[in-house]
Structure formats: C-alpha cells, structure tokens
Amino acid sequence: MADFAVRVLTQDSELRAAHSLLRVALHSPPMTDSDWAATKPTYKPDRFFGAITTDGVTVGSAYVYDSEVAVPGGKTVPMSGLTRVGVRADHRRRGVLTELMRFQFADARANGQILSTLNATETGIYGRFGYGIGTRAREMHLIKPRLRSGVPQSGRVRMLSSAEALALTAALYERIGLYRTGMMTRGRDWWAVHFDRSMREDEPYLVAVHSGPDGGDDAYVIYKASSNEDHVSTEYGATLHVYDLHGTTLAARNQLWRFLIEMDLVNEIHAHDRPVDEPVELLLENPRACITRNIGDDAWVRLVDVPAALGARTYTDAEPVAIAVNDAFLPENSGTYLVSGDGVVRTSAPADLTLGVDTLGMLYFGAWTPSALAAAGRVRVSDPVALTRADRLFQTDSIPWCGTGF
C-alpha cells in the first residue's frame, strides 16, 4: 500500500513545500522568502496537486493550466496543460508520478477537458501515460540576414515600454486568436510565469507591436538582445533572441520579421519554437542565411476522453476506417472507432488499424500521417488499403504548432 496520497494543495505552506520540491528536482538553488513571495501569485487556486506522505512530507507535484486548444477543422476544445511536475529523488520508483497522472486525468475529466498536453523535459517518461508528440517546432538562426527587395510593406511597428507591454500583450494574444491547429489559449497564470516576472526584472523582454492599415494592433514580437562580448571581433553586432511572435495574418507577422531583420547592429537572430513551415527564408536575399538548427518535439498530446476528442475534430472526405485504440492507463478509452468524414462512432467491426493511445496523440493534430507511423512500427495494419484512406481522413491543411511553452 502506498505511503502517500495525491490531493489538491490549498494551504500556503503546502504550495511552498511543493514548489520547493520542484526546484530541487530541477536542480535549482534553494528558494528564499523573496523567491516565494514572487512565485506564489503565479499559482491559480486549486490547480496545484501534491503527493503527500502519511507523515506530511511533500514528495510529488504537478500543476495544470486550464486552457483551450484549436483542433483540425477550427473548433476549440477544453484542454489541461500539465507542468511543474516533480518527484522527490528519494521517492522515485514508488508510483508517485503514476498517481499524480491518475489524479490529473480524473481532474481533467471532471472539468470537461478532453485533451492534456505538456512539454517534456525527458522524452522517455510520458509515453507510458499515453502522451505522444502531437506538434513540432523548429529553431532558426538567421546569420547576417538581409531583407530581399520587393517584400511587401504595410502598417507600422512600434516598441512598447515595459508598462505598456504588461498592459497590452496578453490581450493582444487573445485578440489574435488561435490561427493554427495546435495553438492554445493562455490564462493569467501562464502570463504571470512566462512574461510578467521577466518584465519586472533588471533585463526585461523587449516587445514590439505591428498595427495594420486600419490602425489596429494585429501582431507582436517578444525578444531580447545579447551583446557581442568578443572584443577581438572587428565588427560589433548583437544577437536577437525571439521568444514569441504572433499575428492575425502572415503579412503582419512578416512585418515583424522585417523589423527584426532591418534593425541596426544585429549580426544574428535566434528564433525559438517556431512553426516548421514558417517561410522566413522567402524574405531574405540569401535564403541560406536562415538555418534550421533543430526540429524537435513541441507539445505532447494525450487524449483524455478518446470518443469526445475524436468527435471534436473534422476529417476529409474518404471511405471510413475502423481504428482500434489500446489505452492501458485509461482502459475506458479502449475500443474500436469507425472514423469517416461524417464523424466518429464506436463499432464492433474488425479493426483496419490498431494503435496505442500515445500514437493516437501523435496522429490527432496531423503532425504525422498514419502511413508514416505504420512504417515506424507504431500502427499495426490489418488492411493496407485502409492505411491510404486513413492518410486522407486525417490530412490537415497546415502543419500543427502549439507555440506556447509551459
């Protein structure tokens, strides 16, 4: 019998103990009183879960961002964003993480959240709980980029003060909306962690906003600049680090790239977690100046309620395919589903394809095709013709991207 129980943390002392555990698990320095005073407001009530031993010691933590995510077809569905997961080193291999997962899945279902996503610090952990790589992103390095003549220009870009950025950026992200499959909404607790704290530090983010021809704000970029400290170099030039760039249209986003590329005294631009198919190369005189340093996993996706999640997205017009889903962790999801352009229903028909719920998470947003997953041994194929139909059914109009780290 386990010597701990998982529950919602409500008391200040419990929250602090769990956050302290998390810092130790991530090999960060011990937390001071001032650290906790700055951190406590980033926790939304009732969303921090802890594993507590019978003698009151906190040995595990997990936090959930309440969010919505855009699924293929344009609909948004409730989602839980799992983060701040930690287990005390002397309680590893005792089922702490497993029980935290059971608790947060039950919480998600109670709140109608049919999907769960996370950013994985270690990729070998989460597959056994049903998560698969659902979106990918690339890291780009622009080396001495020069804008190509003829790139259209419209609107204007203005830089914000720190106070203006704190007041405007979150609302602008919400106004821009979820313009790509896989993108998620951001609650006040997300902004508190990932933006507000940095804006109040000695070296805050820099923020620029694009206004369209009608004068309304329609895009923004969050970035920092690091100076070239190589005093032997004959050419001074900073490196810009782009952390967040969003806009209502590709044209608006391109204007922000123009702003960055044409900035004086800049040698390189490093952009983190950008869409795999973002066409920045097309803006440059020399497309090779835009180097893809890495394409990696972005959001890991878990279908908490498989029937509801499959029914929430759309499918292209193709003949139906019967897909058997195995979900050992949430066995109520297991079963065979008939997927067609008209929707999804459970069926007793023989399965054309069989896969695990983690593979279904990889397939759900359209980051991977059924045939690619089958070739990698992640899908068992009973009818090869059905595999071609499945490729058509799950086809999406763009490469999915989350673009929100947590």
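Values reported hereafter were calculated over all heavy atoms of this structure, with side chains retained and with hydrogens, waters and symmetry mates removed. Worth saying up front: this structure is predicted, and the values here are computed from it rather than measured.
- For the pair Arg186 and Trp191, the cation-pi test (distance below 6.0 Å, angle within 45°) is passed.
- When all heavy atoms of Ala312 and Val71 are compared, the pair lying nearest together is O-CG2, 3.8 Å.
- Scanning all heavy atoms of the two residues, the minimum distance from Gly247 to Arg253 falls at O-NH1, 2.7 Å.
- Between the side chains of Ser211 and Asp217, at least one donor N or O sits under 3.5 Å from an acceptor N or O.
- Under the salt bridge (charged side-chain N to carboxylate O under 4.0 Å, His left out) criterion, Glu203 pairs with no residue, sequence neighbours left out.
- The local environment of CG in Asp90 is crowded, with over 12 non-hydrogen atoms from other residues, nucleotides or ligands closer than 6.0 Å.
- Other residues, nucleotides and ligands contribute only 12 or fewer heavy atoms inside 6.0 Å of the CZ atom of Arg380.
- Two residues are said to be in side-chain contact when any heavy atoms from C-beta on lie closer than 4.5 Å; Arg136 and Trp401 fail this criterion.
- With a 6.0 Å radius and a threshold of 12 heavy atoms from other residues, nucleotides or ligands, Glu164 has its CD atom above the threshold.
- Summarising the local packing, CZ of Arg146 is surrounded by 12 or fewer heavy atoms from other residues, nucleotides or ligands at distances under 6.0 Å.
- Residues Thr10 and Phe48 are not in side-chain contact: their nearest non-hydrogen atoms beyond the backbone lie 4.5 Å or more apart.
- Applying the side chain to side chain donor-acceptor pair (under 3.5 Å) test to Thr76 and every residue at least two apart in sequence or in another chain returns Glu68.
- Take Glu268 and apply the side chain to side chain contact (heavy atoms under 4.5 Å, CB included) test, not counting sequence neighbours, and it matches Ile143, Thr239, His270.
- Screening Tyr205, Phe195, Tyr220 against Tyr243 for a ring pair (Phe, Tyr, Trp, His ring centres under 6.0 Å) leaves a single residue, Tyr205.
- Contact of the Arg180 side chain with the Leu178 side chain is not registered, since no non-hydrogen atoms from C-beta on lie closer than 4.5 Å.
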Tell me, with the steps shown, if Leu353 and Val321 meet side chain to side chain contact (heavy atoms under 4.5 Å, CB included). CA-CA 8 Å; Leu353 309 176; Val321 176; 4.0 Å; yes

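- Nearest approach of Val69 to Gly182, heavy atoms of both residues: CG2-O, 3.6 Å.
- Arg128 places a side-chain N or O within 3.5 Å of a backbone atom of Ile125 that can act as its donor or acceptor partner.
- In summary, the aromatic rings of Phe103 and Phe105 are positioned with their centroids too far apart to meet the 6.0 Å limit.
- Residue pairs meeting the salt bridge (charged side-chain N to carboxylate O under 4.0 Å, His left out) criterion with at least one partner in residues 97-120, sequence neighbours excluded, are Arg47-Asp107, Glu99-Arg102, Arg109-Glu332.
- Around CZ of Arg92, the count of heavy atoms belonging to other residues, nucleotides or ligands within 6.0 Å does not exceed 12.
- Using a 4.5 Å heavy-atom cutoff, the side chains of His19 and Lys40 are not in contact.
- With sequence neighbours excluded, the residues that form a side chain to side chain contact (heavy atoms under 4.5 Å, CB included) with Val151 are Leu147, Arg148, Arg258, Leu283.
- For residues 346-359, the side-chain hydrogen bond (donor to acceptor under 3.5 Å, both in side chains) pairs, not counting sequence neighbours, are Tyr337-Arg346.
- Using a 4.0 Å cut-off between a side-chain N of Lys or Arg and a carboxylate O of Asp or Glu, Lys44 and Asp66 qualify as a salt bridge.
- Side-chain contact between His246 and Tyr179 is present, with at least one heavy-atom pair separated by less than 4.5 Å.
- By the 4.0 Å N-to-carboxylate-O rule, Arg274 lies too far from Asp298 to be salt-bridged with it.
- At least one donor-acceptor pair closer than 3.5 Å links the side chain of Asn119 to the backbone N or O of Phe406.
- A cation-pi arrangement is absent between Arg302 and Phe329 under the rule of less than 6.0 angstrom and at most 45 degrees off the ring axis.
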